[in-house]
Amino acid sequence: MARDVQITFDCADPAGLAAFWAEALGYQVQGPPRGFESWEQALEAMGVPPERRNDASAAVDPEGSGPRLFFQRVPEGKQTKNRVHLDVRAAPGLEGDARMAALEAEAERLVSHGANRLQRYEPAPPLDAGHIMMADPEGNEFCLD
């Protein structure tokens, strides 16, 4: 039996990183619990002090098929290269120049939302169709492929 997974990010700004990844993946920032119009209202009612209200956030697939992304605040910054990273399928079904043009357009869009472009890898047939290595606003590496 397959299991659902949640992908968890340690970070300094959970709300900011949740908003970035929601934009990058076509997700949405998870809404507040039922009965509350906003997270601020819910956290106030729960007695969470203001300085703790950005301790966690999440982004979810609006269609419910993709994994939930959870962002939790940690005191330390990112130290080294990720051992696991996300591959964002930004050019499905495309090949060659059309594929790389689509990846470039997506890279530019994500840079406008705070990502950093790290390196472009040219197609090397037959196994590598080309990709662009990126970093999210807190330096977590991911690939556009």
Side-chain angles (χ1 to χ4, degrees), residues 1-95 99-124 127-145:
M1 170 173 71
R3 299 188 189 271
D4 287 335
V5 298
Q6 170 176 279
I7 301 169
T8 300
F9 291 73
D10 290 349
C11 58
D13 178 12
L17 214 51
F20 170 81
W21 281 104
E23 180 67 35
L25 300 177
Y27 273 36
Q28 60 192 30
V29 173
Q30 186 169 338
R34 191 180 335 242
F36 295 99
E37 292 185 26
S38 68
W39 273 107
E40 190 63 31
Q41 184 186 59
L43 296 171
E44 178 72 28
M46 293 175 201
V48 176
E51 66 274 9
R52 301 284 315 270
R53 293 185 185 170
N54 190 22
D55 279 1
S57 190
V60 294
D61 178 351
E63 296 179 10
S65 60
R68 179 178 188 253
L69 306 180
F70 181 70
F71 304 88
Q72 61 187 7
R73 187 183 335 203
V74 296
E76 70 279 357
K78 185 173 180 298
Q79 303 287 320
T80 62
K81 181 182 180 295
N82 298 7
R83 296 280 312 244
V84 174
H85 69 266
L86 301 181
D87 288 338
V88 178
R89 306 285 188 206
L94 299 178
E95 296 179 5
R99 174 186 170 77
M100 295 310 291
L103 296 180
E104 288 291 350
E106 183 64 359
E108 287 181 31
R109 185 181 81 82
L110 294 178
V111 165
S112 76
H113 289 283
N116 290 300
R117 179 193 176 103
L118 300 178
Q119 188 168 355
R120 176 178 163 142
Y121 292 86
E122 296 300 326
L127 298 178
D128 189 353
H131 62 281
I132 299 174
M133 184 184 294
M134 306 283 293
D136 73 14
E138 291 202 18
N140 299 299
E141 296 91 2
F142 66 96
C143 290
L144 297 176
D145 76 357

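Everything quoted here is computed from the prediction, not taken from an experiment.
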Given side chains that start at C-beta, do those of [X] and [Y] come closer than 4.5 Å, heavy atoms only?
X: Ser57; Y: Leu17; value: no
X: Leu110; Y: Phe142; value: yes
X: Met134; Y: Val111; value: yes
X: Leu69; Y: Leu25; value: yes

How close do [X] and [Y] get, heavy atom to heavy atom, and via which atoms?
X: Ala42; Y: Pro33; answer: CB-CD, 3.8 Å
X: Phe71; Y: Cys11; answer: CB-SG, 3.9 Å
X: Leu94; Y: Ala102; answer: CD1-CB, 3.6 Å
X: Ala129; Y: Arg99; answer: O-NE, 3.1 Å
X: Ala18; Y: Ala59; answer: O-CB, 4.0 Å
X: Ala24; Y: Glu106; answer: O-OE2, 3.9 Å

List for me each residue that meets side-chain hydrogen bond (donor to acceptor under 3.5 Å, both in side chains) alongside [X], sequence neighbours excluded, and say none if there are none.
X: His113; result: none
X: Gln41; result: none
X: Asp4; result: none
X: Glu122; result: Arg120

The reported gap from CG in Asn116 to CG in Asn140 (rounded to nearest 0.5 angstrom) is 11.5 Å
NE2 on His131 to CE on Met100, rounded to 0.5 Å: 8.5 Å
Please determine whether side chain to side chain contact (heavy atoms under 4.5 Å, CB included) holds for the pair Trp39 and Asn54, giving the CA-CA distance in whole Å, both sets of side-chain angles, and the decisive distance to 0.1 Å. CA-CA 10 Å; Trp39 273 107; Asn54 190 22; over 6 Å; no
Could you please spell out the steps behind the side chain to side chain contact (heavy atoms under 4.5 Å, CB included) verdict for Ile7 and Trp21? CA-CA 12 Å; Ile7 301 169; Trp21 281 104; over 6 Å; no
Salt bridge (Lys or Arg N to Asp or Glu O under 4.0 Å) pairs, two or more places apart, involving residues 135-145: Lys78-Glu141, Arg89-Asp145
Pair listing, salt bridge (Lys or Arg N to Asp or Glu O under 4.0 Å) test, anchored in residues 5-28, at least two apart: Glu23-Arg109
Can you tell me if Gln6 has over 12 outside heavy atoms packed within less than 6.0 Å of its CD? yes
Quick one: ring pair (Phe, Tyr, Trp, His ring centres under 6.0 Å) partners of Phe36, sequence neighbours excluded? none
Going by the side-chain hydrogen bond (donor to acceptor under 3.5 Å, both in side chains) test, which pairs reach into residues 26-36, not counting sequence neighbours? Gln30-Arg68
Partner residues of [X] under the salt bridge (charged side-chain N to carboxylate O under 4.0 Å, His left out) criterion, sequence neighbours left out:
X: Arg53; answer: Glu40, Glu44
X: Asp55; answer: Arg52, Arg73
X: Glu108; answer: none

Check: Arg117 side chain, Ala107 main-chain N or O, donor-acceptor pair, under 3.5 Å: no
